[in-house]
Amino acid sequence: MSKKKKREIPIFDHPIFETHCHLDYLKERSTEETLALSCEKGINKFITISVAPGNLDKVIEISKAHENVYCTQGLHPHEAKHWTSEVEQKILNHSTFEKVVAIGEIGLDFHYNNSPKEKQIEVFKRQLEIATEKELPVVIHSRDADPETIEVLSEMAPQMKKKGVIHSFTSGPELAQTAIDLGFHLGFNGIITFKNAQAVRDIVTLTPLERILLETDSPFLTPTPYRGMENGPQYLPFIAEKIAEIKEVSVDEVLVQAYKNSTSLFLS
Ligand SMILES: [Zn+2]
């Protein structure tokens, strides 16, 4: 490993909206320290995402404790096997809390198959119905499941008043185009800074700036040049810079548009 000092996190003139992090999974710093450090770098709104029955309450508590932190309610596809009527009832009850801004993260993951495929599809559809009923957008995780995600969204998205985002987008151009045509946004994170991720950068190229959201998915997927360290929302400026470079626009333009996209999707 090189001893060279890593480039400092750049600070820009425009605020940044962190649309996808898991604050309750951070280990190196406390939530307070992470939020303070991120605010220094210009990040002023955060959505902390729920994934499992065990953190549906936790994300609500974090959002109650911090004015600029919002949260979601939902079960990740890995957790689909833990879907019960109690979990469903909890998500339904919590979803009326003012700081719950989406149902998520929900979706399909046929890479790890931690839950049976059929169960994942059933739980994904049920949570899309809840979002439709509650008029909330969704935060979708899709991995190695392009045809099934296309099928489910094509069937259900037209009924949804608010659409949502396919976060940490690493799927193919067909799912990207279908999602964009259905009114969804695509979320990009540190993956776009990885050397071997040209396919994802190609998706950035085809995605209109009006449909791009910035996220870290921290504590996972730390962007270059901080790979190997725990990820946090404070690294978002590197992701904005990379989007600007790929789309050949100014970082300011990326920041202004991404912020607008995030507030109109989640806070209006
Ligand atoms: Zn996530």
Side-chain angles (χ1 to χ4, degrees), residues 16-29 31 34-35 38 43 45-60 62-63 69-80 82-83 87 91 94 99-115 120 123-124 127-128 131 136-145 149 164-171 175 179 184-194 197 200 203 212-223 226-227 229-236 238-239 258 262 265-266:
I16 308 180
F17 194 134
E18 160 70 289
T19 63
H20 194 116
C21 59
H22 301 274
L23 292 174
D24 57 321
Y25 280 62
L26 300 182
K27 290 195 182 77
E28 281 177 11
R29 291 187 179 84
T31 301
T34 300
L35 294 176
S38 301
I43 296 91
K45 286 189 169 53
F46 306 80
I47 303 178
T48 191
I49 306 285
S50 75
V51 291
N55 81 335
L56 294 171
D57 290 308
K58 225 177 268 174
V59 295
I60 299 253
I62 297 174
S63 72
V69 177
Y70 301 86
C71 68
T72 67
Q73 291 287 292
L75 284 208
H76 191 283
H78 289 344
E79 300 287 329
H82 296 126
W83 183 262
V87 168
I91 291 174
H94 283 179
K99 294 190 94 179
V100 172
V101 296
I103 297 298
E105 63 184 276
I106 63 176
L108 303 173
D109 192 316
F110 301 151
H111 183 77
Y112 291 106
N113 275 316
N114 289 355
S115 284
Q120 289 190 41
V123 172
F124 181 32
Q127 293 184 97
L128 286 168
L136 284 169
V138 288
V139 175
I140 295 173
H141 169 111
S142 178
R143 186 156 184 205
D144 289 352
T149 304
V165 57
I166 302 189
H167 104 95
S168 191
F169 196 90
T170 52
S171 302
L175 175 53
F184 284 83
H185 292 72
L186 307 185
F188 296 102
N189 54 38
I191 292 174
I192 63 169
T193 69
F194 299 172
V200 184
I203 303 288
I212 287 180
L213 301 184
L214 306 178
E215 63 168 66
T216 60
D217 203 14
S218 50
F220 317 107
L221 303 168
T222 313
Y226 286 84
R227 290 189 80 175
M229 324 256 296
E230 183 173 85
N231 199 6
Q234 68 271 17
Y235 295 125
L236 275 167
F238 290 118
I239 295 154
S262 310
L265 179 62
F266 295 113

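This structure is a prediction, so every number in the text was calculated from the model and none was measured. Counting starts at 1 for both ligands and their atoms, following the listed order.
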Counting N and O atoms only, with roles assigned by atom type, does the side chain of E18 sit under 3.5 Å from a partner on the main chain of T216, one being a donor and the other an acceptor? yes
Between H167 and H20, what is the ring plane arrangement, given parallel below 30°, perpendicular above 60°, and tilted in between? parallel
Under 2.8 Å from the Zn ion (ligand 1), which protein N, O or S atoms are there? Could you list them by chain and number? H20 NE2, H22 NE2, E105 OE2, D217 OD1
Within this structure, what is the [atom1]-[atom2] distance for the pair [X] and [Y], rounded to the nearest 0.5 Å?
{"X": "Y226", "Y": "N231", "atom1": "OH", "atom2": "CG", "answer": "12.0 Å"}
{"X": "L221", "Y": "I239", "atom1": "CG", "atom2": "CD1", "answer": "9.0 Å"}
{"X": "L236", "Y": "T19", "atom1": "CG", "atom2": "OG1", "answer": "8.0 Å"}

Could you check Y70 against F266 for ring-ring contact (aromatic ring centres under 6.0 Å, His included), going step by step and ending with a plain yes or no? CA-CA 9 Å; Y70 301 86; F266 295 113; 9.1 Å; no
